[in-house]
Amino acid sequence: RGTSYGQMINFTTQSQLPSVSTSGVQSIRTDSATVRGNVSSDGGSTVTERGIYWGASPSPETSGVKMALGNGTGSFLGLLAGLTPGTIYYVKAYAINALGTSFGGEMSFLTLGKAPTVRNIPLTALTSTSVILHAVTNANELSTTVSIEYGTTTLYGSTADAGNNPATKTADTMNFSLSGLSPNALYYYRVKAVNALGTAYSNDTLFRTVLTGETGTVTDIDNNTYHTIGIGYQVWMTENLRVTRYRNGIAIQKVAADTSWAKLGTPAYCWYNNDSASFRNGYGALYNWTAVSADSLCPDGWHVPTNDEVTQLVNYVGGAGSGGGALKATTVWNSPNTGATDSYGFAGLPGGIRYDNGAFDLWKVQAYWWTRSDYSTLTSTGFYLIYNYPNAFQGNLNKKYGMSVRCMKN
């Protein structure tokens, strides 16, 4: 018996397409991104080329750009440059062997960057002719140019660039120094921020320049001339009133005797210690409130302030806690003259007081001024400063007291 054999068949292993994946997008910037691919198997045939297809439309292998990134198996990276901010891109890895091309899954990503945002924040350094305005800009990853439009109407008319252009951060505070403005004028403004993806505007905002530092003079019916100063939105005399007649020419009674002053129920004035030569020009007259209540002591176009107007003054110069120092003259007062800076030129002098019994007191120690705001049958409001306090005080005082008067422009 013998052995028989079947027919011998020759065969080879069949190759396949490579196995490739689009394994991630990383390091996304406004104009670039890094894409990772991986060839995990060559399919039995050498991978002669691998890389990335990318573009701004789906299926980038048909409409996008091909980027070859070497050959063989393993991971690979592709840097996509020259991208447009705020744009969606599509990517797909590929690999080629002898049998053809295979593709990984399609992925998409959004480059960084958006149109800017901007909002106004409170102004600083407001004067009669200048201001520093501020806005917070979110540049949204893109260099952003910031400017301001401003003027006395909503048509604006003037522009200025931020002093620290360009904005580049998510919260840049941009500053605008404006000068050459008109005193006590209303201005409109808005801030404009521009980057590659759009333009944004802040809300329209208003501010009014102050009168601070504006100087002048005014003359009363007795031909006394007083210097004046702007403080905030008010204009004040920088000297105490020394007029002896009302605006209509009617004389105010001058009362020297203590007993006569104590009995008064009519308008009157006096000089401290009844010494006109020493006190008239430097400290002005002392008036009872009946003289003030007629509201015709001050020159035409001026008035004795109300209590609310005094509050506005005090708040502007620093508030009740320190505003007195800002209003006090830096000389004449008794030591220590606490907090005195005369920062705004009000030049408050310690003219003292005459009590309801006619006695004089507190020269160089305290300054008292009437307001025209009545409080009760016996008292009216006034404001006062004290040599050893920085405060500005407001309170109700006996209407028979003799006190100084400072006039304020209407």
Side-chain angles (χ1 to χ4, degrees), residues 120-135 148-160 162-163 173-191 202-218 226-240 298-299 301-330 339-348 369 371-373 383 385 390-392 394 405-410:
N120 297 330
I121 57 176
L123 57 81
T124 57
L126 179 65
T127 75
S128 60
T129 58
S130 64
V131 68
I132 300 178
L133 301 175
H134 309 278
I148 192 169
E149 300 173 335
Y150 67 98
T152 55
T153 73
T154 52
L155 297 177
Y156 308 113
S158 298
T159 61
T173 299
M174 311 304 290
N175 307 311
F176 308 86
S177 295
L178 307 184
S179 59
L181 307 178
S182 299
N184 197 28
L186 185 65
Y187 283 87
Y188 300 81
Y189 74 94
R190 67 177 181 178
V191 177
S202 70
N203 292 334
D204 185 79
T205 307
L206 301 174
F207 70 89
R208 184 181 293 276
T209 50
V210 295
L211 290 164
T212 303
E214 294 288 302
T215 59
T217 59
V218 61
Y226 308 86
H227 291 90
T228 66
I229 190 70
I231 304 176
Y233 298 103
Q234 302 170 329
V235 178
W236 291 84
M237 288 181 175
T238 65
E239 306 163 59
N240 292 342
C298 296
W302 293 70
H303 64 276
V304 178
T306 65
N307 192 54
D308 286 345
E309 287 170 330
V310 170
T311 299
Q312 184 179 344
L313 169 69
V314 170
N315 288 342
Y316 184 81
V317 300
S322 62
L327 296 175
K328 286 195 287 187
T330 56
T341 61
D342 197 19
S343 306
Y344 297 89
F346 185 82
W369 294 279
T371 80
R372 61 190 174 102
S373 298
F383 68 109
L385 312 177
N391 308 67
Q394 292 173 258
V405 168
R406 281 291 179 98
C407 297
M408 178 183 154
K409 193 173 184 179
N410 293 353

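- When all heavy atoms of A135 and V191 are compared, the closest pair comes out as CB-CG2, 3.8 Å.
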Practice prompt. Given side-chain contact (heavy atoms from CB on, under 4.5 Å), test L181 with V131 step by step and report yes or no.
Written response: CA-CA 8 Å; L181 307 178; V131 68; 4.0 Å; yes
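- Closest approach of P390 to G339, counting heavy atoms only: CB-CA, 4.3 Å.
- The side-chain heavy atoms of L327 and D342, taken from C-beta on, include no pair separated by under 4.5 Å.
- One N or O on the side chain of T228 and one on the backbone of G216 form a donor-acceptor pair closer than 3.5 Å.
- T238 places a side-chain N or O within 3.5 Å of a backbone atom of H227 that can act as its donor or acceptor partner.
- By the 4.5 Å heavy-atom criterion applied to side chains, L313 and Q234 are counted as neighbours.
- The distance from atom CE of M408 to atom CD of Q312, rounded to the nearest 0.5 Å, is 6.5 Å.
- A donor and an acceptor atom, one from each side chain of N120 and T205, are located under 3.5 Å apart.
- In this structure, T127 OG1 and L178 CG are separated by 10.5 Å, a value rounded to the nearest 0.5 Å.
- Heavy-atom minimum distance, R406 versus P305: O-CD, 3.1 Å.
- Between the side chains of T124 and H134, at least one donor N or O sits under 3.5 Å from an acceptor N or O.
- Ring pair F207/Y187: centre-to-centre distance below 6.0 Å.
- Counting heavy atoms of neighbouring residues, nucleotides and ligands inside a 6.0 Å radius, atom CG of N410 exceeds 12 of them.
- Residues C298 and K409 have side chains not in contact (no heavy-atom distance under 4.5 Å, counting atoms from C-beta outward).
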Item to complete: Run the numbers on L211 and N184 for side-chain contact (heavy atoms from CB on, under 4.5 Å), then give the verdict.
Response: CA-CA 6 Å; L211 290 164; N184 197 28; 3.6 Å; yes
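- Panel note: side chain S130, backbone L126; no donor-acceptor pair is recorded below 3.5 Å.
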Fill in: Verdict with supporting geometry, I231 and F346, side-chain contact (heavy atoms from CB on, under 4.5 Å)
CA-CA 8 Å; I231 304 176; F346 185 82; 4.1 Å; yes
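- Considering all non-hydrogen atoms of both residues, V210 and G232 come closest at CB-O, 3.3 Å.
- Contact check for T173 versus I121: side-chain heavy atoms found under the 4.5 Å cut-off.
- T152 and Y188 make their closest contact through O-CE1, 3.4 Å (heavy atoms, listed as atom of the first residue, atom of the second, distance).
- Residue W236 comes nearest to V310 through the heavy atom pair CH2-CG2, 4.4 Å, listed as atom of the first residue, atom of the second, then distance.
- Rounded to the nearest 0.5 Å, atoms OH (Y189) and CG (L206) are 9.0 Å apart.
- Using a 4.5 Å cut-off on side-chain heavy atoms (C-beta onward), N240 and W369 make contact.
- Side chain of H303 to backbone of C407: no donor-acceptor contact under 3.5 angstrom is found.
- Side-chain contact annotation: E214 with S128, donor-acceptor N/O pair under 3.5 Å present.
- Residues passing the ring pair (Phe, Tyr, Trp, His ring centres under 6.0 Å) test with W302: none are found, sequence neighbours excluded.
- Qualifying ring pair (Phe, Tyr, Trp, His ring centres under 6.0 Å) partners for Y316, counting only residues two or more places apart in sequence or in other chains: Y344.
- In summary, the side chains of T311 and Q394 do present a donor paired with an acceptor at a separation below 3.5 Å, with no hydrogens or angles considered.
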Practice prompt. Give the intermediate values and the outcome of side-chain contact (heavy atoms from CB on, under 4.5 Å) for residues Y156 and D204.
Written response: CA-CA 10 Å; Y156 308 113; D204 185 79; 2.6 Å; yes
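- In this structure a side-chain-to-backbone donor-acceptor pair under 3.5 Å is missing from S202 to R190.
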